[in-house]
There are 2 protein chains.
Amino acid sequence: MAQARETGTLGKLMVLLDLVTHADTPLRFTDILARAGQPRGTLHRQLSHLVEEGLLELDGDGRYAPGLRLLDFAARSWARNEFRLVAEPHLSELQQATGETVHLGVLRGQSIIYLDKVEGRQPVRMYSQIGNASPCYCTGVGKAALSLLSRETLVDLLAGLSFTSFTASTHASAETLAAEIREIAEQGYAFDREEHEAGIRCVAAPVWSEDRTFIGGISVTGPAYRLSMELLRQWAVPVQLAAARIMEGMRVRLGPRR
Amino acid sequence: MAQARETGTLGKLMVLLDLVTHADTPLRFTDILARAGQPRGTLHRQLSHLVEEGLLELDGDGRYAPGLRLLDFAARSWARNEFRLVAEPHLSELQQATGETVHLGVLRGQSIIYLDKVEGRQPVRMYSQIGNASPCYCTGVGKAALSLLSRETLVDLLAGLSFTSFTASTHASAETLAAEIREIAEQGYAFDREEHEAGIRCVAAPVWSEDRTFIGGISVTGPAYRLSMELLRQWAVPVQLAAARIMEGMRVRLGPRR
DNA sequence: GCTGATGTTCCATTATTTGGAACTTAATTT
DNA sequence: AAATTAAGTTCCAAATAATGGAACATCAGC
């Protein structure tokens, strides 16, 4: 999960922040002490600094939870993201056309970070999904993104993966995954056959910016009982079309050939 | 905006992160240099560290933008926020009852940070508003929150405010604001009479947790042409009721008397 | 009032950050 | 095309901040 050096003042603090934000529940000082492998004095000061800065919050019971300042940072990051801004209308259109949930995600390291989500019905679970980092090897968007990588980059990335079997159909080895990615690269679209979550399928297409700042994809997702593989295959075309429009929008926005 | 010391390695880096995330557009190295008041060498290394950690991103044109890792942190912070989790059903109910947009916000320093938003119609602008820091002196939620503070705390906070006149009716001095806040404290609800944005009104009620971890409020917001002051006054009661239910939920959840 | 568990502070040592200057690269002008 | 200026990057001795072991609090339960 950690994507950088863990040395230097900032690096160490970010490891801590990761630890606390990724926990399921607020952590006591001792919980963190056990997991962080830092001396007590050091850890205490580090946590104090994070709290001072509003990155963590310390409740009345001495438990540490993610701080609200993180929200402020993220809201701005999200609102201004060019990729998302360009993609948004096309995502809505795709949602309208299919009636199912549409996602936009980008590859960051070994994870897919979801930048946007358009749902048809109901009071949307805001933030739910958005911002979440999901594995690249078992999501439609992830596999579509991987199909864009050069052979060498892909090999390096696959080598670093550890495969968790979320369902019976999750890829469990770099070999089978690599084979599917070759296929996806040829076809131009990818499926998620209930690989991340049982009962959930999707069809995805890769999206990239010419300068390769963004390597990602879009997908249409829904319950397996409603989305036959047959239907998903039919949707591959509109999904690819939407992807093409997003890329055209990026080209116009950022200027050609950068 | 900065809410803490600006010394220490982390403090200085957070000032930078603030600077870049609050800008309207990605910044070049030189832009940041001019605003940060750091020596070139120092600034360069600081930015490099932030980029290494994924907190900032450096695009092909040498411009710094907020990094996507911020989204990941925030998504978790938001998803787990107890206040939001407890409030959510009551916000939806209030939205149903009024048909207008409902907000939940907490006071952090001099700002209101919006934790949730429930809209009735249309594909929601996700993140729009959520996570955003707004001034406390010209929002319904803000004034409701201020009415909860002790006299001393309030005086200190008001002393530090600088009043920007967003509209003709925005409070322009601590005196008029203090007077209204006294009134709000008695009544138990607050209005925003187009003080933050022309044509937008709201009615808000304060919400707090017993341990004072959360000092905030909820509001029903809408266009002035649809929401007469008369109507808002009628809604004060259901808003206060929803606020009471949220507080009860918090009491149960966190346990009484902490 | 003792005991163990948890959390906080202290300070000499150690590691990191600092910042001025030198250096490289890109853009603009002559 | 050469000269000039601006923009970005690297270096390293000096200044600063972080480290971590131990001593010091605090508190719940016995």
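Numbers restart at 1 for each chain; the letters A, B, ... are given by sequence-line order, proteins then strands. Keep in mind it's a predicted model, so treat the numbers as computed, not measured.
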Rounded to whole Å, CZ of R63(B) lies from P of dA26(C) at a distance of 18 Å

* Considering only NZ, NE, NH1 and NH2 on the basic side and carboxylate oxygens on the acidic side, decide whether R245(A) and E248(A) come within less than 4.0 Å. => no

Scoring nucleotides 7-12 of chain C by protein non-hydrogen atoms under 4.0 Å (B base, S sugar-phosphate only, - none) yields BBB---

note: K12(A), atom NZ; dG20(D), atom C1'; distance rounded to Å ~ 12 Å

M14(A) atom CE is separated from dT16(C) atom P, nearest whole Å, by 18 Å

CZ (R84(B)) and CG (L115(B)) are apart, to the nearest 0.5 Å, by 8.5 Å

From CG of L33(A) across to P of dG21(D) the rounded distance in Å is 12 Å

- Task: Could you walk me through whether K143(B) and S147(B) pass side chain to side chain contact (heavy atoms under 4.5 Å, CB included), step by step?
- Result: CA-CA 6 Å; K143(B) 294 189 291 182; S147(B) 78; over 6 Å; no

In whole angstroms, the gap separating C1' of dC11(D) from CG of L43(B) amounts to 17 Å

query = If you measure from the Lys or Arg side-chain nitrogens to the Asp or Glu carboxylate oxygens, is any gap between E57(A) and R69(A) under 4.0 Å?
reply = no

From NE2 of H49(A) across to P of dT17(C) the rounded distance in Å is 14 Å

* **Phosphate OP1/OP2 of dT17(C): any T9(A) side-chain N/O under 4.0 Å** => yes

So CG of L47(B) and CG of L43(B): to nearest 0.5 Å the spacing works out to 4.5 Å

Between its two end axes (five pairs each) the helix from dG1(C)-dC30(D) to dT30(C)-dA1(D) turns, nearest 10 degrees, through 40°

note: L16(A), atom CG; dT19(D), atom C1'; distance rounded to Å ~ 14 Å

Distance col, row L55(A):CG vs S77(B):OG, nearest 0.5 angstrom, shows 10.0 Å

Notebook entry, point to check: Under 30°, 30 to 60°, or over 60°: which ring-plane class applies to H103(A) and Y114(A), parallel, tilted or perpendicular?
Noted result: tilted

So that I know where these two stand, are F163(B) and Y137(B) an aromatic pair - ring centroids less than 6.0 Å apart?
yes

Hey, are R76(B) and D72(B) close enough for a salt bridge, meaning a charged N less than 4.0 Å from a carboxylate O? yes

Rounded to whole Å, CG of L10(B) lies from C1' of dA17(D) at a distance of 12 Å

